[in-house]
Each structure stands twice: as structure tokens, then as C-alpha cells.
Colleague: 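Structure provided below as C-alpha cells; questions to follow.
Order of appearance sets the numbers: ligands from 1, and atoms from 1 within every ligand.
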Amino acid sequence: MTSTQARRMRRPVLQAAIDAGAKCVQADPDLFFRADGEPASTWQAQRAEAIRFCHGCPVRSACEELALRDGDGNDRIDDLVRGGRSGSELATLRVLQAQRLKAAITADEASDQEWSELATLAVELGSEARRMPTRSGGMPHQAELLSQQNERIAELAAKLAVVRTARRARTGWEVAA
Ligand code: SF4
């Protein structure tokens with residue numbers, strides 16, 4: 001399954017989990033929404049009660065994720081609770097998760113660059129090792145060419161080791177690399 005397919009599958013999975021386990025099917029739906037014109041003092045008490053209610057819900061984390069995907073919550077309008085979060089908490093989380101997602105994408109891109117560098121170095125090393133130095137020019141010249149080839153192989157192998165060790169350390173292999 002590709003990552004795009006996995007992302008597309010995620011929403012129905014979240015929704016199915018919520019449909020099967022939402023605790024709020026037994027609650028008054030009005031508990032989670034501020035009524036038109038409701039004063040802040042009564043809404044704050046109601047909001048706290050709704051948040052407490054959600055925290056006992058078995059699918060709270062799925063509900064929170066779906067709320068974030070749905071774009072619920074606004075840091076300027078305090079009028080709902082979903083997934084155990086107030087509207088402003090959802091808005092804040094959305095910003096935090098956007099930064100995390102961006103960081104993850106950047107890390108993936110860095111990883112791909114390393115991978116492509118590794119592949120290029122491995123190909124260069126293989127072709128250098130298979131290359132026969134030219135036999136023209138007599139034995140002294142041939143020895144010099146062989147020595148240059150060995151230096152080039154050692155240089156490529158050292159570069160390969162640096163990139164591979166850095167990659168493995170970053171992905172948790174550390175000294176085992
Ligand atoms: S977390 Fe709250 S709003 Fe979400 S399904 Fe559970 S009870 Fe309902």
C-alpha cells in the first residue's frame with residue numbers, strides 16, 4: 001500500500017472506530033456545543049464537563065484526530081468540545097501538528113537524499129573496482145595507475161561508510177551500524 005493510499009484509508013478507519021465506540025451516543029449532544037448567546041460563565045462549566053466526559057471515551061484519540069482533519073476548532077470562537085478538546089485547543093494542536101508534519105517531510109527528504117547519495121557511491125565504487133587500468137605505457141606506468149585506482153576505491157569506500165553510518169545512526173542503529 002502506498003502512503004497516499006494509507007492516508008486515504010485512515011479517515012474511514014477513524015470514523016468506523018468512532019461509530020463503534022463513541023461514548024457520546026449516550027449523552028445529550030447539546031453538552032458539546034455552546035448555545036447561541038450562552039454566557040461565558042455557564043459555558044465554561046459546561047465545557048469542563050464535556051471535556052471530562054470525553055476523557056472517559058475509548059475512542060478519544062481517534063475523535064481528536066478526526067476533529068483536526070475536519071478543521072474543527074477556532075482560537076477566536078470558544079463554542080465546542082470535540083475529542084476532549086476545546087475549540088482553541090484544537091486550533092493550537094492543528095498548528096503544532098502542521099509543524100510536526102512539515103518536520104517529518106523534511107526528514108524524509110533528507111533521508112531520500114542520503115539514500116540516493118549512497119546508491120551513487122555504491123555504483124561508482126563497484127565500477128571503479130571492476131575497471132582495469134590501461135596496460136599501455138609499460139610496467140612502471142601500470143603500477144602508478146593501479147595505485148591511483150586503489151586510492152580512488154579507498155576514497156569512495158570511506159565516503160560510503162560516512163554516509164551509511166550517519167544514516168544508520170539517525171534511524172536508530174547507532175554503533176551497530
Ligand atoms: S471523544 Fe468525546 S466527542 Fe469524541 S466520540 Fe468520544 S465522547 Fe464523543
Colleague: Side chains of residues 30-38: which donor-acceptor partners sit under 3.5 Å, not counting sequence neighbours?
Modeller:
residue: Arg34; atom: NE; partner: Glu38; partner atom: O; Å: 3.1
residue: Arg34; atom: NH1; partner: Asp78; partner atom: O; Å: 3.0
residue: Arg34; atom: NH2; partner: Glu38; partner atom: O; Å: 3.0
residue: Glu38; atom: OE1; partner: Ala35; partner atom: N; Å: 2.9
residue: Glu38; atom: OE2; partner: Thr42; partner atom: OG1; Å: 3.3
residue: Glu38; atom: OE2; partner: Trp43; partner atom: N; Å: 3.3

Colleague: Name every donor-acceptor pair, under 3.5 Å, that has one atom in a side chain of residues 54-61 and the other anywhere in the protein, sequence neighbours excluded.
Modeller:
residue: His55; atom: NE2; partner: Gly84; partner atom: O; Å: 3.4
residue: Arg60; atom: NH1; partner: Glu64; partner atom: OE1; Å: 2.9
residue: Arg60; atom: NH1; partner: Gly83; partner atom: O; Å: 2.7

Colleague: Tell me whether Asp72 is salt-bridged to Arg94, with the criterion being a basic N under 4.0 Å from an acidic carboxylate O.
Modeller: no

Colleague: Given side chains that start at C-beta, do those of Asp75 and Thr92 come closer than 4.5 Å, heavy atoms only?
Modeller: no

Colleague: List-wise, which protein N, O or S atoms are found short of 2.8 Å from atom 2 (Fe) of ligand 1?
Modeller: Cys54 SG

Colleague: Is the shortest distance from a Lys or Arg side-chain nitrogen in Arg152 or Glu155 to a carboxylate oxygen in the other one below 4.0 Å?
Modeller: yes

Colleague: Show the atom names and distances, to 0.1 Å, of all donor-acceptor pairs under 3.5 Å that link a side chain in residues 12-23 to residues at least two apart or in another chain.
Modeller:
residue: Gln15; atom: NE2; partner: Asp19; partner atom: OD1; Å: 2.9
residue: Lys23; atom: NZ; partner: Phe53; partner atom: O; Å: 3.0

